[in-house]
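Written out below as structure tokens is the structure these notes cover.
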Amino acid sequence: AEARDRRLSHSVAGTTFFPDAEGMKERMRRNLMEPVYSVTRLYKSAGVFQSMARSQHFENLTLGVITLNSLWMCIEADANPADRLDQSPVAFQAVEHLFA
């Protein structure tokens with residue numbers, strides 16, 4: 001244990017690698033004891049919309065839509081010949097309005 005402590009507090013140019021090991025341990029313990037942040041703790045406890053917002057299916061659907069929108073932006077940037085939406089082909093306008 002003593003050799004390990006010497007390795008951990010190895011000094012380079014007069015400064016130690018871990019200047020305050022006990023303080024670091026204490027901060028780590030406090031961080032581990034903190035509850036994990038979840039916005040759902042701020043939601044009401046009853047009702048249809050809070051239930052929907054807490055649903056794993058809703059979260060997956062939301063992430064799916066975000067992914068599809070990201071892919072669409074890549075496709076649209078490469079394939080749309082127009083600079084403005086009102087000058088774009090109808091298919092590009094329709095998909096843009098679906099994501100809006």
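For clarity, every value in this text was computed on a predicted model and none was experimentally measured. Atoms considered below: every heavy atom in the structure, side chains included; atoms not considered: hydrogens, waters and symmetry mates.
- Within 6.0 Å of the CE atom in M28, the count of heavy atoms belonging to other residues, nucleotides or ligands does not exceed 12.
- When atom types are taken as modelled, the side chain of E59 and the backbone of R54 share no donor-acceptor pair closer than 3.5 angstrom.
- The CG atom of L61 sits 10.0 Å away from atom CD1 of I66, with the distance rounded to the nearest 0.5 Å.
- Across Y43 and A53, no two heavy atoms sit closer than the pair CE1-CB, 3.7 Å.
- Grouping the Ile, Leu, Val, Met, Phe, Trp and Tyr side chains by contacts below 4.5 angstrom, directly or via other members, places I75 with V95.
- Annotation for F92 and E76: closest pair CD2-CG, 3.7 Å, computed over non-hydrogen atoms.
- Side chains of M33 and R30 form no contact here, defined as non-hydrogen atoms less than 4.5 Å apart.
- Listed by first and then second residue, the salt bridge (Lys or Arg N to Asp or Glu O under 4.0 Å) pairs that reach into residues 63-72 come to none, sequence neighbours excluded.
- Nearest heavy-atom pair, F99 versus V65, reported as atom, atom and distance to 0.1 Å: CE2-O, 3.9 Å.
- Separating the CZ atom in F49 from the NZ atom in K44 is a distance of 11.5 Å, to the nearest 0.5 Å.
- Between the S51 side chain and the G47 main chain, no donor and acceptor come within less than 3.5 Å of each other.
- Other residues, nucleotides and ligands place no more than 12 heavy atoms under 6.0 Å from the CG atom of D83.
- Between H57 atom NE2 and T62 atom OG1 the span is 12.5 Å, to the nearest 0.5 Å.
- Under the salt bridge (Lys or Arg N to Asp or Glu O under 4.0 Å) criterion, the residue pairs touching residues 85-100 are R84-D86, with sequence neighbours excluded.
- The CZ atom of R27 sits 12.5 Å away from the NZ atom of K25 when rounded to the nearest 0.5 Å.
- Here the closest non-hydrogen pair linking P35 and R41 is CB-NH1, 3.6 Å.
- Under a hydrophobic-cluster definition in which Ile, Leu, Val, Met, Phe, Trp and Tyr are linked whenever side-chain heavy atoms come within less than 4.5 Å, directly or via other members, L68 and L98 are assigned to different clusters.
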